[in-house]
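Worksheet: the structure to be examined is printed underneath.
For clarity, every value in this text was computed on a predicted model and none was experimentally measured.
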Amino acid sequence: MKKRIYISAFVFLLLPGIASAVNLDSLWAALKDSNQPDTTKAILLIKIGKEYRKGKPELAISKFEQALSYARKAGSEKWEHNSLKEMASVLTHTATDYLNNGKSEKALEYYNRSLNNKKEMGDAIGVVGNYHNIGWVYELTGQYDMAINSYTKGLNVLNEEGFKKETPMLLSAIGNINRRKGYHQEALDYYSRSLKIKEKIGDKKGIAVSLHNIGVIYNEQGDYTKAIDYHTRSLKIQEEIGDKKGIAYSLNNIGAIYKIQGDLAKAIDYFTKSLKIKEELGDKKGIAVSLNNIGVIYNKQGDYAKAIDYYTRSLKIQEEIGDKKGIAVSLNNI
């Protein structure tokens, strides 16, 4: 979501509510003038809608709809486009707000309304974005077939338009669902197709993510040699581009595989390196995970005093951040 930057005169900073009210009053007064042409009414309604956008999104949407009606009546393509654009923006932001508040049905309703607006505008990338958002809501609610259907619709639009940059995102999304459903070969196919396009367009961060995803599949299949190979390749790229968070999680993943293989010395080495970076980043949840992982290794080695020390340090952080699931794990480990 874009951050809004407000540059205002001193008096406006002191009295933002009054300034907004005065602006709205003048806009409404101008709109009530029956002699105004339809194009001007459309412009005024768009401005009024923008005033309501943040606090009263439903009201903003209704004003943009009215603006659209006047713009079409006047035959103004410019203001028709602007009305649709503003409406789609508010619809998308409102849908995201609903999703963040756990109201998935309302989120779907608004993403679909935004999708229809993007279609009317002929905004192919906007259409793809909405198909992705809709798919994500279905994925979050466990409706995997519906999610794949939405992601596939997005891919079809991209194929028709010849876009490449956005394609890997949807391929990876379908790969993720196949992985969740336990269809490892299908997931591997989608991840590999995503990786090829990222390599073609030189998207290094994306390449690292795809290599990680493929590594996860091989890990779940028990092919630890290939899993370490892909995670190591991902780690190397993350080091090249300076992605510290990515480095920390790749180190953790490699450590976890060495733990499974019984190479505890290598596992604790990777976990410790991961922990150090997470501490640099101030990633409290990540720190707690690493402390727990290191505790597991000391536990396996029979060094129970150190194991309890690391579990207890992890528990303390989890209590600080309110991570109930993490708290339960740490208590159980202790």
Side-chain angles (χ1 to χ4, degrees), residues 1-4 45-46 48-69 71-72 79-181 187 190 194 197 206 209 213:
M1 189 180 292
K2 292 181 180 176
K3 292 182 179 177
R4 295 186 180 89
L45 283 161
I46 288 172
I48 291 168
K50 284 182 178 180
E51 291 292 326
Y52 288 126
R53 187 165 47 189
K54 193 171 182 182
K56 299 178 179 178
E58 290 284 359
L59 198 51
I61 292 163
S62 74
K63 296 308 150 197
F64 294 139
E65 286 174 339
Q66 288 176 37
L68 178 63
S69 177
R72 283 177 171 164
W79 294 108
E80 180 180 342
H81 177 85
N82 283 358
S83 302
L84 286 166
K85 183 180 176 182
E86 293 294 342
M87 203 189 315
S89 174
V90 178
L91 286 165
T92 301
H93 289 161
T94 306
T96 303
D97 286 340
Y98 276 126
L99 186 61
N100 290 338
N101 286 296
K103 297 178 180 177
S104 55
E105 287 186 13
K106 292 296 286 184
L108 279 173
E109 177 192 334
Y110 280 81
Y111 279 137
N112 273 300
R113 286 173 66 183
S114 179
L115 171 66
N116 291 333
N117 275 31
K118 294 292 185 181
K119 284 179 178 178
E120 281 191 69
M121 291 164 63
D123 178 2
I125 294 298
V127 167
V128 171
N130 274 286
Y131 276 132
H132 179 268
N133 290 337
I134 292 165
W136 176 238
V137 178
Y138 283 129
E139 189 173 344
L140 284 176
T141 53
Q143 300 176 76
Y144 295 138
D145 290 340
M146 294 290 284
I148 287 176
N149 182 49
S150 190
Y151 290 144
T152 303
K153 285 179 180 177
L155 278 175
N156 290 339
V157 173
L158 289 171
N159 290 336
E160 287 171 13
E161 299 292 334
F163 294 121
K164 288 290 179 192
K165 190 178 176 183
E166 292 77 12
T167 305
M169 172 182 69
L170 291 168
L171 289 170
S172 294
I174 296 172
N176 291 338
I177 294 176
N178 278 296
R179 187 183 135 248
R180 284 196 180 96
K181 293 173 79 173
Y190 278 98
S194 179
I197 296 171
V209 171
N213 289 339

Q) What distance separates N117 CG from K85 NZ, expressed to the nearest 0.5 Å? A) 13.0 Å
**Q.** L84 side chain reached by N82 side chain, heavy atoms, under 4.5 Å
**A.** no
Q. Do the charged groups of D97 and K106 touch, with an N to O distance under 4.0 Å?
A. no
Q: Could you go through the side chain to side chain contact (heavy atoms under 4.5 Å, CB included) check for V128 and K118 one step at a time?
A: CA-CA 9 Å; V128 171; K118 294 292 185 181; over 6 Å; no
Q | Test log, rule side chain to side chain donor-acceptor pair (under 3.5 Å), inputs T92 and S114 | A | CA-CA 6 Å; T92 301; S114 179; 2.7 Å; yes
Q | L91 side, atom CG; E109 side, atom CD - distance, nearest 0.5 Å | A | 9.0 Å
Q) Does the pair K153/E160 count as a salt bridge with the N-to-O cut at 4.0 Å? A) no
Q) Which residues pass the ring-ring contact (aromatic ring centres under 6.0 Å, His included) test with Y151, sequence neighbours left out? A) H132
Q: Could you tell me the separation between the CD1 atom of I177 and the CD atom of Q143, rounded to the nearest 0.5 Å?
A: 11.0 Å
Q | Euclidean distance, T94 OG1 relative to L99 CG, rounded to 0.5 Å | A | 12.5 Å
Q: Please answer whether the main-chain N or O of A147 pairs with a side-chain N or O of S150 as donor and acceptor at a distance below 3.5 Å.
A: no
Q) Under the side chain to side chain contact (heavy atoms under 4.5 Å, CB included) criterion, do I174 and L155 qualify, and how do the steps go? A) CA-CA 10 Å; I174 296 172; L155 278 175; 3.6 Å; yes
Q) Can you name the ring-ring contact (aromatic ring centres under 6.0 Å, His included) partners of Y144, sequence neighbours left out? A) none
Q.
Using 0.5 Å steps for rounding, measure from the CG atom of N112 to the OH atom of Y131.
A. 8.5 Å
**Q.** Gap between atom CD of E105 and atom OH of Y98 - 0.5 Å precision
**A.** 12.0 Å
Q | Listed once per pair and sorted, the side-chain hydrogen bond (donor to acceptor under 3.5 Å, both in side chains) pairs that draw on residues 161-172, sequence neighbours left out | A | S172-S194
Q: Measure the shortest side-chain to side-chain distance between Y111 and T96 over non-hydrogen atoms and say whether it is less than 4.5 angstrom.
A: yes
